[in-house]
Engineer: 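Pasting in a structure now, in structure tokens, and then I'll have a few things to ask.
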Amino acid sequence: MRQLAIWRPGSTRVLPGFGLSMGISVLFISLVLLLPITGLFGQLAGLSLAQYWAIISEGRVVASYMVTIGAAAVAAVVNAVFGLLMAWVLVRYEFPGKRLLDALMDLPFALPTAVAGITLATLYAGSGWMGGLLEPLGFQVAYTWVGIALAMAFTSIPFVVRTVQPVLEDLPAEVDEAAMSLGATDGVAFRRVIMPHLWPALVTGTGLAFVRSLGEFGAIIFIAGNMPYETEITALMIFVKLQEYDYAGASAVASVVLFVSLTLLLLINIWQGRFVRRLHGGKG
Amino acid sequence: MSIRLQNIAKHFSSTQALEPINLDIHEGELVGLLGPSGSGKTTLLRIIAGLESADRSPQAGKILFGDRDVTNVHVRDRRIGFVFQHYALFRHMSVYDNVAFGLTVMPKKRRPSSGEIRARVFRLLEMVQLQHLANRLPAQLSGGQQQRVSLARALAVEPDVLLLDEPFGALDAKVRQDLRRWLRRLHDELNFTSVFVTHDQEEALELSDRVVVMSNGRIEQIDTPDTLYRSPKNRFVFEFLGDVNHLEGKVHNGVLTCGDAHLNVDLPNGDEELLLRPHEIRLTEQPSAESHLPVTITAISPVGAEVRVELEADWLVKPWLATVRHADFERLEMSRGQRLFAHPRHWHRFKEDTKAPAKQGRAA
Ligand SMILES: Nc1ncnc2c1ncn2[C@@H]1O[C@H](COP(=O)(O)OP(=O)(O)OP(=O)(O)O)[C@@H](O)[C@H]1O
Ligand SMILES: [Mg+2]
């Protein structure tokens, strides 16, 4: 999988164009990624440490962390299960409409998140189709954290499906057949033979889905209800501060989200790298 | 454990992969399934294993292992070992864990103790000469070693029947040869029943007690390698088992004529096509009373136990291939462009339209 080219000064490279391609990549990363992040930290420069701490530990903001992380965790777990199932169905079985279902998997990426949010909110509101069915049974989805988790799950499920799918495609059906010919039951074959191969991809996909959910805004605010201390997400807190022209405050909260997301991504990458090396017998 | 297939057929949607097949494999036999690509070998093997199910309509076939009807038994309960062409090893497990897998997934009451598993795995690894690599991962092994691991893994559960799908197909010639000999020895020592698939006639003839020749989802012939080679039932089997030379012509009063070539044959008048193996052609400087087949040498390959000589003539549609002994080669001082006479020692003839047995003839 991904591998870092080790830079050895003076060594001649077989592949041409390293200087140019690396240069363009670095420039691009600087413009698109590093510049905005620098801007963000520039905003923070006006704050003292005490002020910074006061902003990010304010009760309402902390409550929003809880709501966001809790809902994102639930959404990630749900996605891990259903995304795996979905990838399994798409890879291992032939059925009419398979191509269509495969294409539909990308819909959450393609759809503007606000459209998704409004659609979900209308569906699950008390007067909507789903809401009308669920609310008489005592399940309130819209305007609760369940709705937030639902919106998060909707926007991030492709991460799980699309990371697990290629790995599953790579795993020949012969491997399960071998396990079964050796007497393994379906469950044992899945647990001992298939899961060990899927773990890294599943964890990566779930991690990406989780991180994505932390930052999601458009799809959630319509269904969240946005009650302070109860159904406010962190992205909304940033938005509110921006509307009050409190750029420093918005940046402070944003930096927390950024820090958590980056740390998670880094951890996932390191862990995955180690796993892949093991699987390929230390060859790369 | 003997294997008996009755009326086994298979369709994949509309294509027929197997016509209804009957096949008896005796206890302790090593049987090769031989046929060209797409002839249904893998399909048949997978049906025996239970990885594929045979057609249920128009009539359901039957698979028996000994007296046990396994037609509807799941692959995990059939007590078979299956070796895949591309090994299908568990890549995240060490060699040891791969071989131990079948033992560790047994239900608790049948599962051997961990000490016993260890002993058995090492005994198997020793048999395949891999005990020093027990802790390696499959990715750290060569192809031949991986295939040996997959054999040991299949044998660990002491299957009644061992099934191998082109087990040596992905390996180079030298390793193939070694593994072949080694499988034969293993088979004779442990005395299980095995069926293996190959499209390499040499491999099938060398390794098998009996060979099943297949084409287009049909069994063409089942016989020992020797019988198969000497008296093929039909033209397909004959042509599939080795190089073939064709001689077409008109027979009149016991003489087959083709351009300026002629050969005495004991056949009724009419159009005939005779088939000859390369080793059934003798080359001399003079024609004989029985045959007058002038040919020109166009290529010579002196590699191996015999010299392969390519022959052309204007009465031949396709060049002939003859194999001659090195001694004869030197005696006749053969060279490219030389003109000689061919004498068939032996020829074969198959009539497509009738099911009559093949006729063979001998020329002096
Ligand atoms: N899963 C499948 N779906 C549809 N058709 C199949 C399937 N498996 C095999 N076939 C068809 O059945 C026929 C027999 O295939 P099979 O794999 O048994 O051939 P084979 O003798 O093993 O050939 P090879 O030497 O190339 O492996 C072929 O025409 C093939 O296209
Ligand atoms: Mg095959």
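Chain naming here is simple, since letters A, B, ... match the order of the sequence lines and numbering starts at 1 in each.
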Engineer: Is F95(A) atom CZ crowded by more than 12 heavy atoms from other residues, nucleotides or ligands, each under 6.0 Å away?
Structural biologist: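 Yes, the 6.0 Å shell around CZ holds more than 12 heavy atoms from other groups.
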Engineer: Mark yes or no for whether R76(B), through its side chain, and A184(A), through its backbone, hold a donor-acceptor pair below 3.5 Å.
Structural biologist: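 Pair found, side chain donor or acceptor close to backbone of A184(A).
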Engineer: So which heavy atom on V105(B) is nearest to which on V188(A), and how close?
Structural biologist: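 Residues V105(B) and V188(A), closest heavy atoms: CG1-CG1, 3.5 Å.
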Engineer: Less than 4.5 Å apart, side chain to side chain, heavy atoms only: is that true for E174(A) and Q85(B)?
Structural biologist: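 No, side chains not in contact.
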Engineer: Distance check, rounded to the nearest 0.5 Å: S181(A) atom OG versus H74(B) atom NE2?
Structural biologist: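 Nearest 0.5 Å value for the OG-NE2 distance: 10.5 Å.
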Engineer: Might you confirm whether atom CZ of R162(A) has over 12 heavy atoms from other residues, nucleotides or ligands at distances under 6.0 Å?
Structural biologist: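 Yes, because the 6.0 Å sphere around CZ of R162(A) holds more than 12 heavy atoms from other groups.
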Engineer: Who among L163(B), L103(B), T104(B) has the most heavy-atom pairs with chain A under 4.5 Å?
Structural biologist: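 Option with the greatest count: T104(B).
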Engineer: Go through the atoms of A179(A) and report whether side chain, backbone, both or neither lie under 4.5 Å from a heavy atom of chain B.
Structural biologist: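 Answer is both: backbone and side chain atoms of A179(A) are under 4.5 Å from chain B.
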Engineer: With a 3.5 Å distance limit and no angle check, can you tell me whether H197(A) reaches the backbone of F90(B) through a side-chain donor-acceptor pair?
Structural biologist: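 The answer is no, because no donor-acceptor pair under 3.5 Å joins these two groups.
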Engineer: Taking atom CZ of F12(B) as the centre, report whether more than 12 heavy atoms of other residues, nucleotides or ligands fall under 6.0 Å from it.
Structural biologist: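 For F12(B), atom CZ is crowded (more than 12 foreign heavy atoms under 6.0 Å).
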Engineer: Above 12 or not: heavy atoms from other molecules or residues under 6.0 Å from CZ of R56(B)?
Structural biologist: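 Atom CZ in R56(B) is not crowded, with 12 or fewer foreign heavy atoms closer than 6.0 Å.
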Engineer: Would you say CH2 of W182(B) has more than 12 non-hydrogen atoms from neighbouring residues, nucleotides or ligands within 6.0 angstrom?
Structural biologist: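 Above 12, so yes.
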Engineer: Write down the atom of A88(B), the atom of A178(A), and the distance for their closest heavy-atom approach.
Structural biologist: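 In terms of heavy atoms, the two residues are closest at O-CB, 4.0 Å.
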Engineer: When rounded to the nearest 0.5 angstrom, what distance separates CD in E177(A) from CD in E52(B)?
Structural biologist: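 So the gap between those two atoms works out to 8.0 Å.
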Engineer: So does D172(B) have more than 12 non-hydrogen atoms from other groups sitting under 6.0 Å from CG?
Structural biologist: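 Atom CG in D172(B) is packed in, count exceeds 12.
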Engineer: Considering residues, nucleotides and ligands other than M195(A), do more than 12 of their heavy atoms fall under 6.0 Å from its CE?
Structural biologist: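 Yes - once you tally the heavy atoms of other residues, nucleotides and ligands closer than 6.0 Å, there are more than 12.
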Engineer: Under the criterion side-chain contact (heavy atoms from CB on, under 4.5 Å), which of V193(A), V175(A), L171(A) is the partner of R91(B)?
Structural biologist: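 With R91(B) as partner, side-chain contact (heavy atoms from CB on, under 4.5 Å) holds for just one option, L171(A).
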Engineer: Which atom pair, heavy atoms only, marks the closest approach of R192(A) to M93(B)?
Structural biologist: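 In this case the closest contact between R192(A) and M93(B) is O-CE, 3.5 Å.
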Engineer: Which bit of F82(B) comes within less than 4.5 Å of chain A, counting heavy atoms only: side chain, backbone, both or neither?
Structural biologist: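 For F82(B), backbone and side chain are both near chain A.
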Engineer: Using heavy atoms and a sub-4.5 Å threshold, report which of residues 151-158 of chain B line up against chain A, by residue number.
Structural biologist: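 Listed by number, the contacting residues are R153(B), A154(B), V157(B).
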Engineer: Would you say CZ of F82(A) has more than 12 non-hydrogen atoms from neighbouring residues, nucleotides or ligands within 6.0 angstrom?
Structural biologist: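 Not more than 12 within 6.0 Å, no.
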